[in-house]
Structures are given as C-alpha cells and as structure tokens.
There are 2 protein chains.
Amino acid sequence: MENLRELFQVMTRRFGLLNKNCCQIGGIEVSLVQSHILYEISRQNKPSMQHVADTLGMDITTFSRQIQTLVKMELVTKTPLPEDRRVYLLALTTEGKFVAATIDEQMNQYLNEVFANMSEFEREMVIKSVRLLNEAMSKSSVCCKPLA
Amino acid sequence: MENLRELFQVMTRRFGLLNKNCCQIGGIEVSLVQSHILYEISRQNKPSMQHVADTLGMDITTFSRQIQTLVKMELVTKTPLPEDRRVYLLALTTEGKFVAATIDEQMNQYLNEVFANMSEFEREMVIKSVRLLNEAMSKSSVCCKPLA
DNA sequence: AATATATACTTGCATTTTGCAAGTAATAAG
DNA sequence: CTTATTACTTGCAAAATGCAAGTATATATT
C-alpha cells in the first residue's frame with residue numbers, strides 16, 4: 001500500500017492552518033483550542049467539564065484553566081449541578097453563541113471555497129469519504145480514544 | 001448545503017489526537033511540532049529554514065528555536081549555504097532519519113488500522129478524496145497559504 | 001564605490017500554554 | 001464510619017509562542 005501518512009499529514013496540516021486564521025470575531029480574539037472548546041460546548045447539551053475535556057483529549061487541568069479564561073471573557077458559563085455538586089455544567093453565553101456561530105460560518109465559508117474547486121460528483125465523494133473516515137476512526141482502538 | 005464544518009472539525013480533531021500519541025521513539029521524545037518539522041525536512045531536499053517555516057505556517061522565530069533544540073538533540077543538522085551565507089540548509093542526521101521513519105511507520109500503522117474498518121472500494125474512495133482535498137486546498141486563496 | 005534596502009536568521013523579553021503533583025470537596029463503596 | 005473514587009482547582013516549573021529589535025549577508029540605487 002502507498003504512503004498514507006503523507007496524504008494525511010499534509011491534509012491535517014492544512015486544516016490546522018485554516019483553523020488558525022479563523023478565530024477573531026469583532027473585538028474578541030479566541031485561540032484555536034478555545035474555538036474547539038466553544039464548538040464542543042455548543043454541540044453538546046450542558047456537558048460537564050470532564051466530558052468536554054475527554055472529548056477533546058485535553059488534560060483536565062489545562063482545560064480547567066481555559067474554561068476560567070472563557071468564563072472571564074463572558075463566553076461560557078459554569079453552573080454547579082445540584083444532584084452532584086462536584087460537577088459543573090458548561091454552556092455558552094449569548095455572546096459565546098454568537099462567537100461560536102460566527103466561527104462556524106467562517107469555517108463553512110472557507111470550506112465552500114475549497115469545494116468550489118471541485119465538481120459536484122467529487123464534492124459528494126469527498127463528503128462521503130470524510131464521513132466514512134470519522135466512522136472508521138471512531139471504531140479504531142488505537143486512534144482517537146476520546147468519545148465523539 | 002449541509003454543515004461541512006462539523007465533519008471536518010471532528011476529523012481534524014481526531015487526526016490531531018492521533019498525532020499526539022505517536023512521538024516517542026525509544027528513549028527519545030519529540031513534540032508534535034517537532035515531528036512536523038522532521039517530516040518536512042525529510043520530505044524536502046536540504047531546505048532552508050525559511051522554507052520549512054513557511055511550509056508549516058510557523059513564525060520564523062519560534063521555528064529557529066525549535067531547530068536549535070532539534071540540533072541539540074542531534075536529530076537535525078544546520079549547514080550554511082556557501083553561495084548565500086545568510087541561508088542555512090537543514091537535513092536529518094542518521095538518528096533523525098531513524099526517528100522520522102519510525103514515526104512514519106507508526107502513523108501508517110494507525111492509518112491502516114483505521115482503513116481496516118473499510119471495504120476495498122471505500123478505502124480507494126477515501127484516499128482519492130483526500131488527494132482531491134489536498135489539491136483543492138492548495139488552489140484555495142483563503143486557506144493554507146503556505147506552500148505544499 | 002557608497003549608501004540604502006531587503007533577506008535570512010537570532011536573541012530579548014513578556015505572555016501564554018502545558019502537564020504533573022498535590023490539593024479540596026463531594027459522592028460512592030466497603 | 002472509614003475508605004475509595006470522582007470532579008475539579010491550584011502550585012509550580014518547563015516549554016512554546018510572537019513581537020520588537022538585533023546581526024550578518026546580499027541586492028539595488030545612485
């Protein structure tokens with residue numbers, strides 16, 4: 001089999017670069033990790049800190065501090081769970097939602113531009129492939145232990 | 001059009017996680033950035049510092065320091081170019097080549113495991129798609145300015 | 001030839017990010 | 001009631017980051 005790594009190394013690097021750019025919204029500037037955190041909080045329904053940190057494969061202490069920063073920036077709220085007071089539930093503030101939505105838009109815009117260089121057929125194939133890849137990775141034991 | 005970002009966000013996160021793991025070779029430990037640098041030096045033929053930094057979209061000062069570390073670790077050599085003595089050419093030492101090759105193997109092994117969850121047809125489609133994506137991204141103006 | 005400009009790389013900060021170890025507080029298990 | 005376990009926080013110390021300013025070499029301008 002050919003060298004898979006080359007293909008994927010270049011691809012992930014490019015997406016990394018893409019991600020780097022797209023994190024300034026109005027006056028607010030958000031780091032790459034922070035944008036991942038915002039994304040994941042918006043996707044899940046009032047997740048706990050531990051849960052999001054696991055999903056992102058982040059050390060919980062680093063995560064804890066990032067959340068502190070995001071709370072100070074008034075993008076995220078941290079609410080103790082009454083049933084289990086060790087746990088804090090995370091949610092986006094109105095501004096946090098706005099920021100997350102804006103990043104989402106920007107990324108989609110970038111991606112659409114990338115896809116504009118393809119035929120309709122190719123586009124569908126690529127999207128199907130990414131979906132397949134995600135599924136296959138979630139099944140793999142080695143890679144990507146953290147939950148989807 | 002559906003939400004492309006979701007698909008790609010998850011995919012790139014997973015590859016990021018995959019990358020994180022695979023950077024300890026024997027007694028040597030290499031960071032994720034360092035593995036990208038090693039990879040790129042091995043791919044190019046005696047590239048200059050500026051060139052590799054550009055390829056990876058890294059700040060040149062950060063890059064300079066990373067190279068200093070890699071030289072100290074005896075994984076990389078830095079040779080001044082006689083024709084233009086501002087320029088330094090980068091290359092891997094024997095040990096550097098070994099480390100790069102080992103990481104490459106590991107990554108390929110992981111990728112093969114991922115692909116094991118697919119049919120032959122799917123596998124070919126996915127590989128073709130990644131190639132397409134890389135090409136499309138290299139054509140895009142927004143994303144991934146750094147050269148391939 | 002002399003001066004100015006540009007390029008390739010390095011160094012000096014000051015800030016941010018990271019992760020292990022050790023801590024607190026709350027729940028669960030024995 | 002005592003002993004885990006779990007969820008999260010804090011204290012370091014190390015590493016990574018990037019801007020500003022530096023050195024050294026090469027190129028362009030006059």
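These numbers come from a predicted model, not from an experiment. Just so we're on the same page: letters track the sequence lines, and every chain starts at 1.
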Hey, does the side chain of B:Gln68 come within less than 4.0 Å of C:dT11's phosphate (OP1/OP2), counting only N and O? yes
Tested for side-chain contact (heavy atoms from CB on, under 4.5 Å) against A:Ser35, the lone hit among A:Ile103, A:Asp104, A:Ile25, A:Val99 is A:Ile103
Value for CG (B:Leu90) from CD1 (B:Ile67), rounded to nearest 0.5 Å, stands at 4.5 Å
Quick one: label A:Tyr88 by what it contacts on the DNA or RNA (base, sugar-phosphate, nothing), any heavy atom closer than 4.0 Å. sugar-phosphate
Closer than 4.0 Å, any side-chain N/O of A:Gln50 to the OP1 or OP2 of D:dT6? no
Backbone N/O of A:Ser31 and side chain of A:Gln34: donor-acceptor pair under 3.5 Å: yes
Ranking B:Phe63 and A:Ser31 by the position along DNA chain C of their nearest nucleotide, the one closer to 5' is B:Phe63
Decide yes or no, distance alone: a donor-acceptor N/O pair under 3.5 angstrom between the base of C:dC9 and the side-chain of B:Ser48. no
C:dG19 C1' sits how many Å from B:Gln24 CD, rounded? 14 Å
Could you tell me whether the side chain of A:Ser129 and the main chain of A:Met125 form a donor-acceptor pair under 3.5 Å? yes
Can you tell me the distance, in whole Å, between the CG atom of A:Asp54 and the C1' atom of D:dT6? 12 Å
Using whole Å, what does the distance between atom C1' of nucleotide D:dT23 and atom CE of B:Met49 come to? 14 Å
Phosphate OP1/OP2 of D:dA16 contacted by B:Thr62 side-chain N/O (<4.0 Å): no
Under 4.0 angstrom between A:Ser64 side-chain N/O and D:dT9 OP1 or OP2: yes
Would you mind telling me which of D:dT17, C:dT27, C:dG19 lies closest to the side-chain atoms of B:Arg65? D:dT17
Can you find an N or O donor on one side and an acceptor on the other, under 3.5 Å apart, linking the side chain of B:Thr61 with the base of D:dC19? yes
Respond yes when some side-chain nitrogen or oxygen of B:Gln66 is under 4.0 Å from OP1 or OP2 of D:dT17, and no when none is. yes
Please report, rounded to the nearest Å, how far the C1' atom of D:dA16 is from the CE atom of B:Met58. 9 Å
Nearest heavy atom decides the nucleotide; on that basis, is A:Val33 or A:Leu81 closer to the 5' end of DNA chain C? A:Val33
Can you measure B:Ile37 atom CD1 to D:dA16 atom C1' for me and round it to whole angstrom units? 11 Å
Closest approach of A:Ile28 to A:Leu75 (non-hydrogen atoms, all atoms of both residues): CG2-CD1, 4.4 Å
Once you round it to whole Å, what is the distance between P of D:dC19 and CD of A:Glu29? 10 Å
For D:dT6, take OP1 and OP2 only and decide whether either is under 4.0 Å from a side-chain N or O of A:Arg86. no
Would you kindly give the CG-to-P distance between B:Asp59 and D:dC19, to the nearest whole Å? 6 Å
Here the distance between atom P of D:dT17 and atom CG of B:Leu56, to the nearest Å, is 11 Å
